[in-house]
Amino acid sequence: MAYYRAEVIDLSLSDAKMIRKFEIVDVKKRFCGLLKIYTIAIPEEKIGNVVISFQKNLSTKLKKEWYITFHNAEHVIIVFRKRIFYLSGRGIEPVPHKLLDTTHAVEKDKWDEMIKYAKSLGVPDNQCDFLPENFEKQKYC
């Protein structure tokens with residue numbers, strides 16, 4: 001079975017319990033454990049409904065704009081509270097904590113539009129990395 005992966009910050013959700021409905025691949029703790037970043041696996045055939053469920057659950061508590069990235073080796077879905085971007089992952093080579101370089105992206109215009117949208121919401125450059133390093137080499141099955 002093929003899977004997507006998603007990196008989800010627990011504080012980004014109104015109800016973080018929904019993370020437990022999925023296979024948890026990894027958990028990273030930041031700020032003495034106050035913030036947790038979960039990597040979860042989502043079966044490919046359920047991705048449409050899961051994306052919508054997470055979008056509806058994005059928090060507004062901290063007056064911060066959040067996004068969630070769902071990805072497999074070829075496709076990337078970036079979810080904001082009011083917009084969803086469906087993108088090709090081809091040509092993207094992310095560097096953690098750096099503004100994503102779209103120079104070689106197959107869908108450069110779409111990626112640039114998404115980054116422009118994120119920045120319009122106040123997402124800082126160091127959080128515009130959107131994907132884990134070497135995302136295209138991760139195991140999605």
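Note that the coordinates shown come from a computational prediction; the quantities given were computed from them, not determined experimentally.
- In this structure, CD on E93 lies 10.0 Å from OG1 on T103, to the nearest 0.5 angstrom.
- For L87, the side chain to side chain contact (heavy atoms under 4.5 Å, CB included) test picks out V76, I78, F85, E107, K110, W111, M114, with sequence neighbours left out.
- Side-chain heavy atoms closer than 4.5 Å link hydrophobic residues (I, L, V, M, F, W, Y) into clusters, and following such links, even through other members, never connects I92 to V106.
- Taken to the nearest 0.5 Å, the CG atom of L99 stands 8.0 Å off from the CZ atom of F130.
- By the neighbour-count criterion of 12 heavy atoms within 6.0 Å, atom NZ of K108 is densely surrounded, having more than that number from other residues, nucleotides or ligands.
- A heavy-atom distance below 4.5 Å is not found between the side chains of L100 and C128.
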- Task: Run the numbers on K28 and D26 for side-chain contact (heavy atoms from CB on, under 4.5 Å), then give the verdict.
- Result: CA-CA 7 Å; K28 294 180 180 109; D26 189 27; 3.6 Å; yes
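- Judged as a salt bridge (Lys or Arg N to Asp or Glu O under 4.0 Å), and not counting sequence neighbours, the contacts of E113 are R83.
- Y67 and Y117 fall within a single hydrophobic cluster, where Ile, Leu, Val, Met, Phe, Trp and Tyr side chains are chained together by heavy-atom contacts under 4.5 Å.
- One distance of note links OH of Y38 with CD1 of I9; it measures 12.0 Å at 0.5 Å rounding.
- Smallest separation of non-hydrogen atoms from W66 and F80: O-CD2, 3.8 Å.
- A donor-acceptor contact shorter than 3.5 Å links the side chain of D129 to the backbone of H97.
- A distance of 9.5 Å separates CD in E65 from OG1 in T60, rounded to the nearest 0.5 Å.
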- Message: For a side-chain contact (heavy atoms from CB on, under 4.5 Å) check, start with the C-alpha distance between T69 and R5, then their side-chain angles and the critical distance, and finish with the verdict.
- Response: CA-CA 8 Å; T69 302; R5 289 203 174 179; over 6 Å; no
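- Applying the ring pair (Phe, Tyr, Trp, His ring centres under 6.0 Å) criterion to F54, with sequence neighbours excluded, gives F22, F70.
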* Yes or no on side-chain contact (heavy atoms from CB on, under 4.5 Å) for I24 and I40, after CA distance, side-chain angles and deciding distance? -> CA-CA 5 Å; I24 297 173; I40 59 172; 4.2 Å; yes
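- Applying the side chain to side chain contact (heavy atoms under 4.5 Å, CB included) criterion to V95, with sequence neighbours excluded, gives K98.
- Here N126 pairs with P124 under the side chain to side chain contact (heavy atoms under 4.5 Å, CB included) rule; sequence neighbours left out.
- Interatomic distance, I68 CD1 to R81 CZ, rounded to the nearest 0.5 Å: 11.5 Å.
- Note on Y4 and I37: same hydrophobic cluster, where clusters join Ile, Leu, Val, Met, Phe, Trp and Tyr whose side-chain heavy atoms are under 4.5 Å apart, directly or indirectly.
- Partners of Q55 according to the side chain to side chain contact (heavy atoms under 4.5 Å, CB included) rule, which considers only residues two or more places apart in sequence or in another chain, are I52, V79, I84.
- Residues E7 and L131 are not in side-chain contact: their nearest non-hydrogen atoms beyond the backbone lie 4.5 Å or more apart.
- The line from OG of S59 to CG of D10 is 10.5 Å long, rounded to the nearest 0.5 Å.
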